[in-house]
Structures are given as structure tokens and as C-alpha cells.
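Input: a single structure, listed below in C-alpha cells.
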Amino acid sequence: MPSDQSTWLIAVPNNGDAEGLHQELESKLYQHCKLPKRNQAPLAIPSFKTGTLDSLISLSEDLPKLDASFTTTVAKIVDTLRSLLNNDPAKLAQHILIEEQSVDHYLLSGWKWNEGRYNVQRSLTELVDTLSQEMSSIDNMLKAKLNNYNLVKGSLTQMQRKKTGNLSVRSLADIVTKEDFVQESEYLETVLVAVPKALLKDWNSRYEHLTQYVVPRSSRQIASDDEFALYSVVIFRRVHDEFVQKCRENKYIVRDFVYSEGEVEKQRDDLANADTLEKELWTELLRLARVNFSESFQILVHLKVVRLFVESVLRYGLPANYTGVVIKPEPKSTKKLFNLLQAHFAYLRPKSNGAMGKKGSENADFIGEYQSLLEQEFFDFVMYEVPWIIN
């Protein structure tokens with residue numbers, strides 16, 4: 001049973017009246033399943049060069065793996081877009097487009113093979129190789145851009161966390177000033193300490209006695225937040241390491257910060273530059289992902305059409321003249337729709353699974369020889385699915 005969250009691509013032998021077949025099927029699906037006419041359309045399957053039986057069998061074995069790989073690449077591009085757009089369905093819908101049209105429009109508005117890009121006079125193997133190379137190029141390009149963007153975004157996030165975290169971790173460049181420090185002293189230095197709010201009284205009563213050579217009454221509160229208060233205290237340089245150790249033992253956090261007007265300005269510039277670069281790379285990645293979605297989705301559909309053709313030749317034989325239909329099912333009536341399709345194409349059964357159990361029949365020999373090529377779900381028509389992009 002095919003999924004009710006995908007668009008179905010179906011192929012059957014062309015009986016010489018493809019237009020009549022489409023009209024009859026369209027009428028029947030609307031009459032019995034209430035499937036809107038906009039949810040079904042002809043699918044033009046080209047007359048590819050069939051090649052040898054061995055080449056078709058080889059392709060039939062390779063194509064499912066490529067199909068899964070292509071589908072994964074398309075899904076990764078969609079996930080990238082979704083992440084860049086903060087999971088906003090409305091914005092995502094504006095970017096998952098095929099040449100500025102919706103996916104449904106692309107599939108259900110008279111889909112045609114891109115002859116200018118993929119010449120059907122080439123062998124099927126060559127066409128599949130071209131599709132695979134293009135998809136691989138798209139995947140590699142997106143990976144490189146995404147990795148670059150994630151590195152810059154990670155760096156910016158760290159900078160912002162230092163700017164917006166509590167006083168035990170955040171950058172102090174925009175909090176302290178030159179006047180908060182002892183300047184140009186050979187023996188004295190100013191140390192900055194983040195003290196938990198619950199230990200403020202303890203700090204004020206103990207800081208002078210944590211070590212020797214702490215300047216009395218030199219502690220001064222510079223800033224505070226919900227969790228910590230930032231104090232400056234003046235000590236002799238000779239007891240720096242001991243003072244830091246005593247602070248740790250008493251759960252005070254010494255901030256490793258040396259005031260420098262040049263360093264303060266540099267931190268501000270680094271943050272501004274990282275923010276600008278992140279925005280530029282975000283815009284570039286969004287544009288690339290949007291273009292890559294359009295390209296990769298088209299490649300995926302072209303590959304599925306090749307699968308339809310290869311499977312049809314192996315199942316129905318020559319002449320290799322097949323017609324197709326695209327159907328977007330309504331989830332509530334998917335089972336009824338599928339059963340109707342099975343009944344409508346029941347006339348194909350003698351050439352597929354209808355005689356599977358008849359020993360000695362020509363069809364039984366065919367099935368036995370190509371059993372490994374047939375999908376577990378075997379229908380009277382050839383079908384492959386294009387998963388929906390769920391916003």
C-alpha cells in the first residue's frame with residue numbers, strides 16, 4: 001500500500017490511446033473517489049534507448065540505492081531551509097519552489113522530461129550517471145557551505161553567550177572601565193571576583209583575610225545580576241596565585257581579565273564582525289539551499305521517471321512505449337483510490353502477477369528469472385512515490 005503522504009508516479013503500457021486512458025482514469029477517480037482534477041495529470045515518459053537486458057537488470061539493481069540517496073539529499077536541503085527559517089512553515093513554503101512554482105505545480109502541470117539538459121538519445125546508464133554526478137555536486141557544495149556557516153555561527157554564539165551570560169562567564173569588556181583598576185603599579189593589581197548572591201555577606205567579611213597582602217577596604221561592587229555580584233579588590237601581585245586558590249575554596253569565581261583599552265575595543269569589533277559575517281553567510285546559504293532544492297528535486301523526479309521506464313521494460317517488455325500519470329492522493333481516501341487503480345489496471349495482471357502461481361506458464365518463468373528485481377509490494381502497474389515536503 002503506497003503512502004498517503006506522497007505523490008504517486010505511475011506507468012503502464014501505452015495502448016495507442018494515451019489521451020483516452022487519461023481521460024477515462026480522470027473521470028473514474030473523480031466519480032468514485034472525489035479526487036479533484038487538479039490532483040492528477042499525465043506523465044510523459046520518454047522513449048529512452050532500452051540498451052541490453054543485462055544493462056537494464058544492472059540499472060534495476062542500482063536505481064533503488066540512488067533513489068534513496070537522492071531522496072536523502074533533498075530531505076537534508078529541506079532541513080537546512082527549515083533550520084535557517086526557524087521552523088516557520090509560512091516562510092519555508094516560500095522557498096521550497098521549483099523555478100518559482102510550487103512542487104505540486106511542477107508535478108501536476110504537464111510534467112515533461114528536460115530534453116535540453118538530459119538528451120534521451122544518450123544511453124540510460126549515461127543519463128543516470130549524469131543525474132548522479134549533479135546530485136553529488138549539489139550535496140558536496142551544500143555540505144561545504146553549511147559547515148562554514150555553522151563554524152561562524154558557533155563562534156558568534158560563544159561571543160554572544162559571553163556578552164549575555166551571568167557575571168561568572170560573560171565578557172567584562174563592556175562592564176568595567178579604566179577607573180576600576182589600579183594603573184601602572186609595580187606591586188599592586190586589581191582582581192575581579194564574581195561572588196554568588198548567597199555569599200555576599202561572607203565575602204564582605206572575609207575577603208581581607210583570604211591571604212596576606214590584601215589591601216583593606218579595597219573591595220568595590222562594580223555590577224550585579226540575578227546570580228552574581230562583580231567585585232574588584234586590590235592585592236599585592238606576589239599573592240595572586242594564593243588569592244585565586246583561596247577564592248576557589250570559598251566558591252568565589254576570579255575572572256581572568258586584564259584591562260586593556262585596545263583589547264576591549266578588539267572584543268567589540270570581533271563581535272560586530274562575527275555578527276555581520278554570520279548574516280552574510282546566512283543569506284548566502286539560504287539562497288544556495290533554495291536553488292539547490294529546486295535543482296535536486298528535479299533531478300530526483302527525473303531519476304524516478306528512469307526507474308518507471310526500466311521497471312516497465314522488464315515487466316511488460318517491448319515495444320518500450322509507456323504512458324504515465326501523476327496522482328496526488330487525498331489522505332482520507334487513499335485506500336479507496338488505490339483499490340480503484342488496482343481494479344482499473346487489472347487487465348495488466350496476466351502480464352505481471354496474475355499467472356505467478358501457474359507452473360509452466362511463460363509468465364511464471366519470467367517472474368522466476370527476475371524475482372530479485374521486483375519490489376516486495378507488487379502492483380499491476382509500475383509505481384514510485386515522491387514524498388511530500390511537510391511544512
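Taking each heavy atom of Phe257 and Val176 in turn, the nearest pair found is CE2-CG2, 3.5 Å. Closest non-hydrogen pair, Ser55 versus Thr50, comes out as OG-O, 4.1 Å. Pairing each heavy atom of Val382 with each of Ser312, the nearest pair is CG2-OG, 3.7 Å. Here the closest non-hydrogen pair linking Pro329 and Ile327 is CD-O, 3.4 Å. Leu308 and Leu9 get closest at one heavy-atom pair: CD2-O, 3.6 Å. Here the closest heavy-atom approach between residue Val120 and residue Pro46 is recorded as CG1-CB, 3.8 Å.
Under the 4.0 Å criterion applied to side-chain N and carboxylate O atoms, Asp139 and Lys76 are assigned as salt-bridge partners. Comment: Arg237 does not engage Asp241 in a salt bridge, judged by the lack of any side-chain N to carboxylate O separation of less than 4.0 angstrom. Using a 4.0 Å cut-off between charged nitrogen and carboxylate oxygen, Lys328 and Asp104 count as a salt-bridge pair. Classification of Arg315 and Glu311 as a salt-bridged pair holds, one side-chain N sitting under 4.0 Å from a carboxylate O.
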Which is it for Thr276 and Asn273 under the side chain to side chain donor-acceptor pair (under 3.5 Å) test, yes or no, and what are the steps along the way?
CA-CA 5 Å; Thr276 300; Asn273 291 338; 5.5 Å; no
Test log, rule side-chain contact (heavy atoms from CB on, under 4.5 Å), inputs Leu124 and Leu56:
CA-CA 8 Å; Leu124 285 170; Leu56 289 173; 3.9 Å; yes
Test Leu131 against Leu66 for side-chain contact (heavy atoms from CB on, under 4.5 Å), laying out the working first.
CA-CA 10 Å; Leu131 293 170; Leu66 283 176; over 6 Å; no
Could you check Tyr322 against Val12 for side-chain contact (heavy atoms from CB on, under 4.5 Å), going step by step and ending with a plain yes or no?
CA-CA 6 Å; Tyr322 311 105; Val12 295; over 6 Å; no
Carefully, step by step, assess Thr7 and Glu385 under the rule side chain to side chain donor-acceptor pair (under 3.5 Å).
CA-CA 6 Å; Thr7 298; Glu385 302 174 57; over 6 Å; no
Run the numbers on Arg307 and Asp67 for salt bridge (charged side-chain N to carboxylate O under 4.0 Å, His left out), then give the verdict.
CA-CA 9 Å; Arg307 287 193 73 187; Asp67 193 332; 2.8 Å; yes
Full working for side-chain contact (heavy atoms from CB on, under 4.5 Å) between Phe381 and Leu341
CA-CA 9 Å; Phe381 44 87; Leu341 289 171; 3.9 Å; yes
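Put simply, the side chain of Trp8 reaches to within 4.5 Å of the side chain of Met383, judged on heavy atoms. Residues Ser232 and Phe181 have side chains not in contact (no heavy-atom distance under 4.5 Å, counting atoms from C-beta outward). Looking at heavy atoms from C-beta onward, Ile138 lies in side-chain contact with Ile299 at the 4.5 angstrom threshold.
Applying the salt bridge (Lys or Arg N to Asp or Glu O under 4.0 Å) rule to Lys279 yields the partners Asp275; only residues at least two apart in sequence or on another chain are considered. With sequence neighbours left out, the ring pair (Phe, Tyr, Trp, His ring centres under 6.0 Å) criterion links Phe228 to no other residue. Applying the salt bridge (Lys or Arg N to Asp or Glu O under 4.0 Å) criterion to Asp4, with sequence neighbours excluded, gives no partner residue. For Lys266, the side-chain hydrogen bond (donor to acceptor under 3.5 Å, both in side chains) criterion is met by Asp270, not counting sequence neighbours. Applying the side-chain hydrogen bond (donor to acceptor under 3.5 Å, both in side chains) test to Ser155 and every residue at least two apart in sequence or in another chain returns nothing. Under the ring pair (Phe, Tyr, Trp, His ring centres under 6.0 Å) criterion, His302 pairs with Trp111, Trp113, Tyr118, not counting sequence neighbours. For the salt bridge (Lys or Arg N to Asp or Glu O under 4.0 Å) test, residues two or more places apart in sequence or in another chain that qualify with Glu284 are Lys145.
Linking Ile, Leu, Val, Met, Phe, Trp and Tyr residues whenever their side-chain heavy atoms come within less than 4.5 Å places Leu84 and Ile389 in a single cluster. Transitive grouping of hydrophobic side chains (ILVMFWY, heavy atoms separated by less than 4.5 Å) keeps Tyr149 and Leu156 in distinct clusters. Note on Tyr316: it clusters hydrophobically with Leu53, by side-chain heavy-atom contacts below 4.5 Å among ILVMFWY residues. Leu271 and Leu172 are assigned to two separate hydrophobic clusters, defined by single-linkage of ILVMFWY side chains at heavy-atom distances under 4.5 Å. The hydrophobic cluster containing Leu97 does not contain Val326, counting ILVMFWY residues as joined when their side-chain heavy atoms lie under 4.5 angstrom apart, directly or transitively.
Looking only at distances, no side-chain donor or acceptor of Arg206 sits under 3.5 Å from a matching main-chain atom of Lys201. Between the side chain of Asn86 and the main chain of Asp88, no donor-acceptor pair closer than 3.5 Å is present. With hydrogens and angles ignored, the 3.5 Å screen pairs no side-chain donor or acceptor of Lys49 with any backbone N or O of Ser123. Using a distance-only test at 3.5 Å, with no hydrogens or angles considered, no donor-acceptor pair links the side chain of Ser294 to the main chain of Val291. The backbone N or O of Gln94 lies less than 3.5 Å from a partner atom in the side chain of Arg290, making a donor-acceptor pair. Remark: the backbone N or O of Ala68 is paired with a side-chain donor or acceptor of Thr72 at under 3.5 angstrom. Although no hydrogens or angles enter the test, the distance criterion places no donor-acceptor pair under 3.5 Å between the side chain of Asn147 and the main chain of Ala144. Judged purely by atom type and a 3.5 angstrom limit, Thr157 uses its side chain to pair as donor or acceptor with the backbone of Lys153.
Counting non-hydrogen atoms of other residues, nucleotides and ligands closer than 6.0 Å to CG of Asn140 gives a total above 12. Within a 6.0 Å sphere centred on NZ of Lys197, heavy atoms belonging to other residues, nucleotides or ligands number more than 12. More than 12 heavy atoms of other residues, nucleotides or ligands lie within 6.0 Å of CD in Glu208, so this atom counts as buried by the packing criterion. The neighbour count for Arg220 CZ, taken as heavy atoms of other residues, nucleotides or ligands under 6.0 Å away, is above 12. With a 6.0 Å radius and a threshold of 12 heavy atoms from other residues, nucleotides or ligands, Asp269 has its CG atom above the threshold.
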Let me check something: any side-chain donor-acceptor pairs from residues 23-36 under 3.5 Å, sequence neighbours excluded? List them with distances.
unit_1	atom_1	unit_2	atom_2	d
Gln23	NE2	Glu19	OE2	3.4
Lys28	NZ	His344	ND1	3.1

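Annotation for Leu151: hydrophobic cluster partners, listed by chain and number, are none (ILVMFWY side-chain heavy atoms under 4.5 Å, direct or chained). Side-chain heavy-atom separations under 4.5 angstrom define the hydrophobic clusters, and Val258 shares its cluster with no other residue. Summarising the hydrophobic clusters (Ile, Leu, Val, Met, Phe, Trp, Tyr; side-chain heavy atoms under 4.5 Å, direct or chained), the residues clustered with Leu210 are Val182, Tyr187, Leu188, Val191, Val193, Val195, Leu199, Leu200, Trp203, Tyr207, Tyr213, Val214, Val215, Tyr231, Val233, Val234, Ile235, Phe236, Val239, Phe243, Val244, Tyr252, Val254.
Within the structure, salt bridge (Lys or Arg N to Asp or Glu O under 4.0 Å) pairs that include any residue of residues 113-133 comprise Arg117-Glu134, Arg117-Glu295 (at least two apart or interchain).
Side-chain atoms of Asn39 and Glu330 form a donor-acceptor pair, as typed in the model, at a separation below 3.5 Å. Glu227 and Ser168 are not linked by any side-chain donor-acceptor pair at a separation below 3.5 angstrom, with hydrogens and angles left out of the test. No donor-acceptor contact under 3.5 angstrom links the side chains of Ser185 and Glu189, judged on distance only.
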